[in-house]
Student: 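Have a look at this one before I ask anything.
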Amino acid sequence: MGKNLNARLEMLREMVSCCFDISFWEYDSQMQLLNTTCDDAAEIHFFFQYEKDRLMKALRNNVRLLPMVLINSLEMMWIIGFERDEKGGFHRAFVTGPVFIENITESKIESALVKMKLSPASRQMFYSLLQKLPVLPFSRFAEYGIVLQFCASGEKIHISDLVHVTNERGLLAFDSDQNRNRHSSWAQEQQLLKLMEEGNLDYKRFASSLTNVGFFTDSTSVRQIKDAIIIHVALCTRAAIRGGLDPEIAYMLSDNYINDIEASSGLDDITLINSTMQDDFVRRVHQCRSGKGISPIIQKCCSYIQTNLSRKMTSAELANWVGYSESYLTSRFKAEMGMTIGEYIMDCRIDRAKFLLRSGNEPIQDICGVLGFGSQSYFGEKFKKATGMTPLEYRNKGHGNKE
């Protein structure tokens with residue numbers, strides 16, 4: 001495997017170098033450096049070594065040897081992929097990075113270097129080196145990490161499988177007040193993920209601050225906010241799978257929400273996507289856990305419908321998705337759900353419309369389009385039939401505070 005592995009890694013390095021000047025590193029099972037492509041290896045490696053204790057602690061808990069994402073207080077980011085030995089244990093690590101996840105200010109670099117108690121000459125040297133590091137979004141860098149893991153192990157993984165190296169104290173212990181805030185944030189996020197895993201529909205009552213993207217980062221950079229929420233989507237995806245959601249559906253949802261985040265242009269859009277994503281995962285897990293008497297086939301069908309509300313769906317398409325004949329699926333669906341597939345699709349669209357109306361200020365015409373109603377008049381007709389109110393009346397009556 002050695003020659004094939006080296007050939008795959010070399011091809012990856014060549015492909016990445018066409019777009020960015022990103023370094024690659026090779027470590028043994030004790031995380032001792034073996035090789036690197038970095039021209040300033042000793043200096044740049046200093047920052048990686050600074051995180052070694054935190055990294056080794058996370059590695060001991062990473063039984064499956066999934067690739068890990070390491071981010072320090074300067075927002076330098078590395079991704080580590082693993083090669084297994086013949087017994088399935090940790091043999092070698094292959095690291096790519098560091099990169100910055102956003103353009104970093106001179107004052108932030110200087111502040112971090114001062115707190116690391118470096119001499120003025122060393123600070124100047126490190127500052128010059130850090131200015132050369134590439135800047136790219138987390139989603140793009142994560143894709144390189146996914147390919148790196150495939151090169152190292154032959155495993156095909158999803159972005160949600162990446163293990164984010166964190167601890168209760170935050171990223172680096174530079175500022176005690178910052179650490180206290182990060183400890184609180186970490187604890188609240190763990191609480192939300194637990195509620196999501198349980199499918200607890202009252203999750204907002206216990207973790208209301210987590211619907212606001214400002215909880216995840218104090219940055220005003222749209223790029224950094226996107227990266228923080230993409231990481232949160234990955235954590236929510238894993239929590240939903242632990243809660244019983246079909247992995248295929250969970251990964252499909254994750255990809256859709258990440259694409260929506262990347263396509264968004266402002267904080268309001270990102271906030272709505274984040275709250276929609278959390279609510280979507282919680283409700284799906286709740287349905288999986290409370291769906292007594294509902295077969296896995298019909299649950300899978302329901303999940304597919306909920307994932308594709310923006311476009312027209314047919315019973316033939318759903319039958320092909322779950323692998324049964326159309327006549328068998330339609331009959332079994334009505335027997336288990338008490339309604340036809342078309343009625344269920346409409347119920348899901350109305351429920352999603354209610355959520356969007358009470359969660360943000362998105363124009364009603366846009367909600368109509370997003371949910372595949374075709375025309376605003378048809379949307380209004382179906383919504384009023386289901387709720388007794390027009391969409392505008394429903395929004396104006398403040399149902400967000402009552403449901």
Student: Does atom NZ (K384) have a neighbourhood of more than 12 heavy atoms from anything else shown, all under 6.0 Å?
Tutor: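 Counting neighbours around NZ of K384, 12 or fewer heavy atoms of other residues, nucleotides or ligands fall under 6.0 Å, so no.
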Student: More than 12 heavy atoms of other residues, nucleotides or ligands under 6.0 Å from OH of Y127: is that the case?
Tutor: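 Yes.
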Student: Does the side chain of F82 come within less than 4.5 Å of S153's, by heavy atoms?
Tutor: no
Student: How far does CE of M77 sit from CG of D227, to the nearest 0.5 angstrom?
Tutor: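 If I round to the nearest 0.5 Å, the distance is 6.5 Å.
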Student: Rounded to the nearest 0.5 Å, what separation is found between the CG atom of N308 and the CD1 atom of I345?
Tutor: 9.5 Å
Student: Search all heavy atoms of S264 against all heavy atoms of I270 and return the closest pair with its distance.
Tutor: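 Looks like OG-CG1, 3.3 Å.
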Student: Might you work through the side-chain hydrogen bond (donor to acceptor under 3.5 Å, both in side chains) test for D161 and Y251, ending with a clear yes or no?
Tutor: CA-CA 10 Å; D161 293 319; Y251 289 143; 3.1 Å; yes
Student: Give a yes or no on this: more than 12 heavy atoms of other residues, nucleotides or ligands lie within 6.0 Å of atom CG of D21.
Tutor: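 12 or below, so no.
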Student: Does the side chain of T330 pick up a donor-acceptor pair with the side chain of S315 at under 3.5 Å?
Tutor: no
Student: Are the side chain of S254 and the backbone of A250 linked by a donor-acceptor contact shorter than 3.5 Å?
Tutor: no
Student: I'd like to know whether I350 forms a side chain to side chain contact (heavy atoms under 4.5 Å, CB included) with D347, so could you lay out the CA-CA distance, the side-chain angles of the two residues, the decisive distance to 0.1 Å, and finally the verdict.
Tutor: CA-CA 5 Å; I350 296 297; D347 277 1; 5.7 Å; no
Student: Counting only N and O atoms by type, is there a donor-acceptor contact under 3.5 Å from the side chain of R332 to the main-chain atoms of I298?
Tutor: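 No; zero donor-acceptor contacts below 3.5 Å.
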Student: Measure the spacing between CD of E343 and SG of C348 and express it to the nearest 0.5 Å.
Tutor: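 E343 atom CD to C348 atom SG measures 12.0 Å (nearest 0.5 Å).
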Student: For the residue pair L253 and R284, establish whether any side-chain heavy-atom pair is separated by less than 4.5 Å.
Tutor: yes
Student: Work out which heavy atom in M31 is nearest to a heavy atom in K52; give both atom names and the distance.
Tutor: O-NZ, 3.9 Å
Student: Have H91 and E86 got a donor and an acceptor in their side chains that come within less than 3.5 Å?
Tutor: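 No, no side-chain donor-acceptor pair sits under 3.5 Å.
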Student: Inspect the surroundings of CD in Q365 and state if more than 12 heavy atoms from other residues, nucleotides or ligands are less than 6.0 Å away.
Tutor: no
Student: Return yes if a side-chain donor-acceptor contact under 3.5 Å exists between Y304 and D246, otherwise no.
Tutor: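 No, D246 and Y304 have no side-chain donor paired with an acceptor closer than 3.5 Å.
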Student: Write down the atom of L245, the atom of I249, and the distance for their closest heavy-atom approach.
Tutor: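 Heavy atoms only, the tightest pair is CD1-CG2, 4.2 Å.
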Student: Could you give the distance from CD (Q149) to CD1 (I79), rounded to the nearest 0.5 Å?
Tutor: 10.5 Å
Student: State whether a side-chain donor-acceptor pair under 3.5 Å links Y257 with N274.
Tutor: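 No, no side-chain donor-acceptor contact under 3.5 Å.
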Student: Measure from the side-chain N and O atoms of E393 to the backbone N and O of T390, and report whether any donor-acceptor pair falls under 3.5 Å.
Tutor: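 Yes; judged by distance alone, with no hydrogens or angles, the pair exists.
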Student: Between OG of S160 and CD1 of I241, what distance do you get to the nearest 0.5 Å?
Tutor: 6.5 Å
Student: Against H45, only a single residue in Y50, Y27, W78 fulfils ring-ring contact (aromatic ring centres under 6.0 Å, His included); can you say which?
Tutor: Y27
Student: Is there a donor-acceptor contact under 3.5 Å linking the side chains of E336 and S295?
Tutor: yes
Student: When rounded to the nearest 0.5 angstrom, what is the spacing between NE2 in H164 and CD1 in I231?
Tutor: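 These two atoms lie 5.0 Å from each other.
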Student: Assess whether side chain to side chain contact (heavy atoms under 4.5 Å, CB included) is satisfied between M76 and V99, documenting all intermediate values.
Tutor: CA-CA 5 Å; M76 297 165 68; V99 303; over 6 Å; no
Student: Would you find a donor on one side and an acceptor on the other, under 3.5 Å apart, between the side chain of S331 and the backbone of S327?
Tutor: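 Absent.
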Student: Given side chain to side chain contact (heavy atoms under 4.5 Å, CB included), test F48 with V95 step by step and report yes or no.
Tutor: CA-CA 10 Å; F48 189 78; V95 180; 4.2 Å; yes
Student: Using side-chain heavy atoms (C-beta onward) and a distance below 4.5 Å, is F46 in contact with D40?
Tutor: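 Contact flag for F46/D40 side chains = no.
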Student: Can we say K385 and E381 salt-bridge, meaning some charged N sits less than 4.0 Å from an Asp/Glu carboxylate O?
Tutor: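 No, this pair does not count.
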Student: Minimum heavy-atom separation for I22 to T37, with atom names?
Tutor: O-OG1, 4.4 Å
Student: Measure up the Y144 and F141 rings against each other and bin them: parallel (under 30°), tilted (30 to 60°), perpendicular (over 60°).
Tutor: perpendicular
Student: Do the non-hydrogen side-chain atoms of L12 and L148 ever get within less than 4.5 Å of each other?
Tutor: yes
Student: Are D280 and R352 ion-paired here, with the side-chain N under 4.0 Å from a carboxylate O?
Tutor: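 Yes, D280 and R352 are salt-bridged.
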Student: Could you walk me through whether L357 and I367 pass the side chain to side chain contact (heavy atoms under 4.5 Å, CB included) test, one step at a time?
Tutor: CA-CA 8 Å; L357 286 166; I367 294 175; 3.8 Å; yes
Student: Using side-chain heavy atoms (C-beta onward) and a distance below 4.5 Å, is F90 in contact with R84?
Tutor: no
Student: Is the count of non-hydrogen atoms from other residues, nucleotides or ligands lying under 6.0 Å from D85 atom CG greater than 12?
Tutor: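 More than 12 heavy atoms, drawn from other residues, nucleotides or ligands, come within 6.0 Å of this atom.
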Student: Please check if the number of heavy atoms outside M11 that lie under 6.0 Å from its CE is greater than 12.
Tutor: no
Student: Considering only heavy atoms from C-beta outward, does the side chain of I341 approach that of L329 to under 4.5 Å?
Tutor: yes
Student: If you compare all heavy atoms of G89 against all heavy atoms of L65, which two are closest, and at what distance to 0.1 Å?
Tutor: C-CD1, 3.9 Å
Student: Hey, is CE on M339 packed in by over 12 heavy atoms from elsewhere, all under 6.0 Å?
Tutor: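 Yes - once you tally the heavy atoms of other residues, nucleotides and ligands closer than 6.0 Å, there are more than 12.
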Student: Could R311 and E317 be called an ion pair, given the rule that one side-chain N must be under 4.0 Å from one carboxylate O?
Tutor: yes
Student: Can you check whether D255's main-chain N or O pairs, donor with acceptor, with N259's side chain at less than 3.5 Å?
Tutor: yes
Student: Run the ring-centre check on F94 versus F24 and record whether the distance is less than 6.0 Å.
Tutor: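 Not close enough - the centres of the two rings lie 6.0 Å or further apart.
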Student: Within the distance-only criterion (no hydrogens, no angle test), does the side chain of S17 pair as donor or acceptor with the backbone N or O of E14 below 3.5 angstrom?
Tutor: yes
Student: Are L133 and P98 side-chain neighbours, meaning at least one heavy-atom pair lies under 4.5 Å?
Tutor: yes
Student: Would the distance check show the side chain of K226 and the main-chain N or O of E262 forming a donor-acceptor pair, the cut-off being under 3.5 Å?
Tutor: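 Present.
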Student: Is the shortest side-chain heavy-atom distance between E198 and L193 below 4.5 Å?
Tutor: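 Contact flag for E198/L193 side chains = no.
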Student: Of all heavy-atom pairs between T340 and K334, which one has the smallest distance, and what is that distance?
Tutor: CG2-CD, 4.2 Å
Student: So F383 and Y394, would you call those rings parallel, tilted or perpendicular, with 30° and 60° as cut-offs?
Tutor: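 Ring orientation of F383 relative to Y394: perpendicular.
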Student: Under 30°, 30 to 60°, or over 60°: which ring-plane class applies to F47 and F126, parallel, tilted or perpendicular?
Tutor: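 Judged by the thresholds at 30° and 60°, the geometry between F47 and F126 is perpendicular.
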Student: Could you tell me whether E248 and K300 make a salt bridge, using a distance below 4.0 angstrom between a side-chain N and a carboxylate O?
Tutor: yes
Student: One thing to verify: whether D53 and K57 come together as a salt bridge, which I'm taking to mean a side-chain N less than 4.0 angstrom from a carboxylate O.
Tutor: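 Salt bridge between K57 and D53, a charged N being under 4.0 Å from a carboxylate O: no.
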